Engineer: 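Right, I'll just put the structure down here and ask away after.
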Amino acid sequence: MAQPMVKAVQVHKSFGRVKVLNGVDLEVAPREVLCIVGPSGSGKSTFLRCINHLEKIDAGQLFVDGELVGYARRGGKMHELGERAVAEQRKNIGMVFQRFNLFPHMTALENVMEAPVRVRGESRATAREHAVKLLDQVGLSARRDMYPAQLSGGQQQRVAIARALAMRPKLMLFDEPTSALDPELVGEVLDVMRSLAEDGMTMVVVTHEMGFAREVGDAVVFMDGGVVVESGHPRDVLVNPRHARTAAFLSKVL
Amino acid sequence: MTQAAESVESMPTVRRRQPGRWVAAAVVCVLLAMLVNTFVTNERFQWDVVFDWFTSDRILAGLGRTIQLTVISMLIGIVLGLVLAVMRLSDNPLLSGVAWAYIWLFRGTPVFVQLLFWGFISALYPRLSLGVPFGPEFTSFSANELISPFVAAILGLGLNEAAYMAEIARAGILSVDRGQAEAAQALGMTRGLALRRIVLPQAMRVIVPPTGNQAIGMLKTTSLVAVLAYPELLYSAQLIYSANYQTIPLLITASLWYLLITSVLSVGQFFVERHFARGSVISAGATDRRGSLRRLAARLPGRRP
């Protein structure tokens with residue numbers, strides 16, 4: 001089997017005295033879409049944020065494309081990486097947030113161009129050309145000169161997806177990308193994500209959209225209490241769960 | 001029934017009468033008339049003397065020094081204030097502690113006293129030297145020569161201002177949602193780049209209005225520099241009236257200049273604010289430049305927006 005895009009080995013994380021992750025193990029293959037579901041407080045968002053080191057893990061190991069995230073192993077110890085090395089790793093990992101977090105003082109186009117120009121050192125012309133293409137891909141070419149405040153939530157989230165894609169990442173992380181949206185705007189964001197999956201992007205999606213998980217997900221992980229309770233094909237996990245906790249959760253949300 | 005339905009549509013509304021407003025307006029008008037009257041009829045104002053001196057060389061030279069002091073001190077205050085704000089927000093307890101102590105010291109003592117200290121620094125350190133800390137020195141200067149009244153004024157005003165600007169800048173940085181820095185870092189930005197490109201431009205919306213306040217305050221605080229015998233605007237006026245005894249007219253001359261520069265600063269602040277309002281909901285609907293003067297007028301005191 002090819003090297004997994006994401007590999008988590010016994011990942012632990014606490015906030016103060018509260019243990020949030022209690023040894024998470026999972027693997028995501030290249031071109032695979034993994035959906036993480038679970039009740040709130042199960043640690044799924046925290047785990048996602050560990051993958052690009054927005055949260056530091058306390059123990060365990062996290063690999064992205066075979067590379068240890070946030071740490072270097074030297075002499076039997078895990079040495080935390082410097083800020084620049086972490087930033088270097090994050091260039092390859094796109095992230096989409098629940099609350100969009102677009103830069104409000106920049107237009108849609110400038111939002112998408114910012115990181116390629118400032119972080120990758122692309123010329124403005126190249127970055128602009130790519131950004132125009134990406135905004136077109138998410139169906140927003142007509143709105144590229146608008147500021148985030150002038151866009152609907154669904155449009156903002158699609159710009160946020162384009163912004164993450166502009167860095168040409170090999171992995172995309174989605175942190176409840178539709179949870180802050182009005183119900184009628186959820187579909188347009190999911191459509192963009194679906195076509196991204198069809199293009200072969202490796203995606204880890206924390207979501208409450210069971211329909212999306214079932215249709216688009218190649219695998220589903222159910223987390224509860226900071227551990228992976230159950231994982232497998234969406235049909236198995238979401239339709240015929242083996243664990244009582246999974247079944248109880250699904251009966252509440254479906 | 002039909003008659004009632006018809007009249008509902010055509011019934012005019014009558015605005016409520018507000019006699020209180022008319023009474024208040026009348027009282028204010030009388031008071032204003034009295035004020036104007038005394039300005040015009042009280043000959044001791046000596047408006048001719050006020051305007052004779054208004055554009056005199058000595059007053060203009062003083063004005064130039066006042067503006068110079070204001071600009072340089074504010075620049076020192078803003079730059080050092082930003083550094084102190086970032087230090088205070090640092091995870092390093094030594095850095096944030098030092099910044100806290102600086103603010104505590106410089107905000108906790110009168111700026112007047114600080115100016116005196118800088119003016120008398122040679123009593124504390126007669127010679128200032130450049131060299132390796134605790135090691136050999138390369139060169140040294142007489143403090144009296146190095147710290148002229150101008151340098152003492154800049155140090156006193158600028159270092160004091162930095163303490164206030166630090167708190168203003170910190171408030172601005174804290175006002176930006178944490179998700180902004182996170183989104184920037186997730187895109188591979190270092191914290192420095194995220195601060196410069198993403199956080200600070202947004203923080204400026206909160207930082208600019210109080211900074212305008214500080215600049216106006218600074219313009220007037222420079223008058224304290226008279227204590228260092230540095231002939232800025234007020235001290236220039238004092239020197240003139242101590243010779244010709246036209247005390248009141250010359251104080252008015254100086255005051256008019258302060259008022260004029262303050263007005264210019266307020267207009268400047270409006271344009272800086274508009275620049276940093278980029279993308280905010282308020283500016284989103286009105287991006288044309290022509291409307292700006294009208295909006296400025298609407299913001300002047302006494303007008304309703």
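Proteins come first, then strands; the chains are lettered A, B, ... in the order of their sequence lines, and each starts at number 1. Only a predicted model underlies this, so the values are computations on that prediction, with no experimental measurement involved.
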Engineer: Nearest 0.5 angstrom please: B:Asp177 CG to A:Arg99 CZ, how far?
Structural biologist: 8.5 Å

Engineer: Let me know if A:Gln98 has heavy atoms under 4.5 Å from chain B in its side chain, its backbone, both or neither.
Structural biologist: neither

Engineer: Would you name the heavy atoms of A:Met95 and B:Ala186 that are closest together and state the gap between them?
Structural biologist: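 Closest heavy-atom pair between A:Met95 and B:Ala186: CB-CB, 4.1 Å.
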
Engineer: According to side chain to side chain donor-acceptor pair (under 3.5 Å), who are the partners of A:Glu184, at least two apart in sequence or on a separate chain?
Structural biologist: none

Engineer: Anything under 3.5 Å between a donor and an acceptor, one on a side chain of residues 115-124 of chain A, the other on a protein residue two or more places apart or in another chain? List them.
Structural biologist:
| residue | atom | partner | partner atom | Å |
| --- | --- | --- | --- | --- |
| A:Arg120 | NH1 | A:Met167 | O | 2.8 |
| A:Ser123 | OG | A:Thr126 | N | 3.1 |
| A:Ser123 | OG | A:Thr126 | OG1 | 2.6 |

Engineer: Checking A:Phe103 against chain B: side chain, backbone, both or neither under 4.5 Å from a heavy atom?
Structural biologist: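 Contact with chain B: backbone and side chain both.
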
Engineer: Pick one of side chain, backbone, both or neither for A:Leu173, based on which atoms fall under 4.5 Å of a heavy atom in chain B.
Structural biologist: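 No part of A:Leu173 comes within 4.5 Å of chain B.
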
Engineer: Mind listing the closest non-hydrogen atom pair of A:Arg49 and B:Glu182 along with its distance?
Structural biologist: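 So the minimum-distance heavy-atom pair works out to NH2-OE2, 2.6 Å.
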
Engineer: Side chain of A:Glu88, backbone of B:Gly188: donor and acceptor closer than 3.5 Å?
Structural biologist: no

Engineer: Is it the case that the side chain of A:Asn101 and the backbone of B:Gly179 share a donor-acceptor pair, with hydrogens and angles ignored and the cut-off at 3.5 Å?
Structural biologist: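 Checking the backbone N and O of B:Gly179 against the side chain of A:Asn101, a donor-acceptor pair under 3.5 Å is found.
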
Engineer: Suppose a student defines contact as a heavy atom less than 4.5 Å from any heavy atom of chain B. Which residues in residues 53-63 of chain A would they list?
Structural biologist: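 Expected list: A:Leu54.
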
Engineer: Hey, does the side chain of B:Gln202 reach the backbone of A:His105 with a donor-acceptor pair shorter than 3.5 angstrom?
Structural biologist: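 No, the answer is negative, given that no donor and acceptor are paired below the 3.5 Å cut-off.
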
Engineer: Among A:Val96, A:Leu102, A:Thr107, which residue forms the greatest number of heavy-atom pairs with chain B at distances under 4.5 Å?
Structural biologist: A:Leu102

Engineer: Distance from A:Lys91 atom NZ to B:Met189 atom CE, nearest 0.5 Å?
Structural biologist: 11.5 Å

Engineer: For B:Thr190 and A:Arg84, which heavy atoms make the closest approach, and how far apart are they?
Structural biologist: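 In terms of heavy atoms, the two residues are closest at CG2-NH1, 3.9 Å.
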
Engineer: Can you confirm whether A:Met106 sits close enough to B:Ile198 that some side-chain heavy atom of one is under 4.5 Å from a side-chain heavy atom of the other?
Structural biologist: yes

Engineer: Kindly state each residue pair satisfying side-chain hydrogen bond (donor to acceptor under 3.5 Å, both in side chains) with at least one member in residues 65-86 of chain B, sequence neighbours excluded.
Structural biologist: none

Engineer: Would one find more than 12 heavy atoms of other residues, nucleotides or ligands at under 6.0 Å from atom CD of A:Glu129?
Structural biologist: no

Engineer: Other residues, nucleotides and ligands only: do more than 12 of their heavy atoms fall within 6.0 Å of NZ on A:Lys7?
Structural biologist: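 Open.
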
Engineer: Is A:Pro104 close to chain B through its backbone or its side chain, or both, or neither, when contacts mean heavy atoms under 4.5 Å?
Structural biologist: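 For A:Pro104, backbone and side chain are both near chain B.
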
Engineer: Taking only Lys NZ, Arg NE, NH1 and NH2, and the carboxylate oxygens of Asp or Glu, determine whether B:Arg278 and A:Glu110 approach each other closer than 4.0 Å.
Structural biologist: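 Answer for the salt bridge query: yes.
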
Engineer: Report the distance from atom CG of B:Leu187 to atom CZ of A:Arg90, rounding to the nearest 0.5 Å.
Structural biologist: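 Reported to 0.5 Å precision, the distance equals 10.5 Å.
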
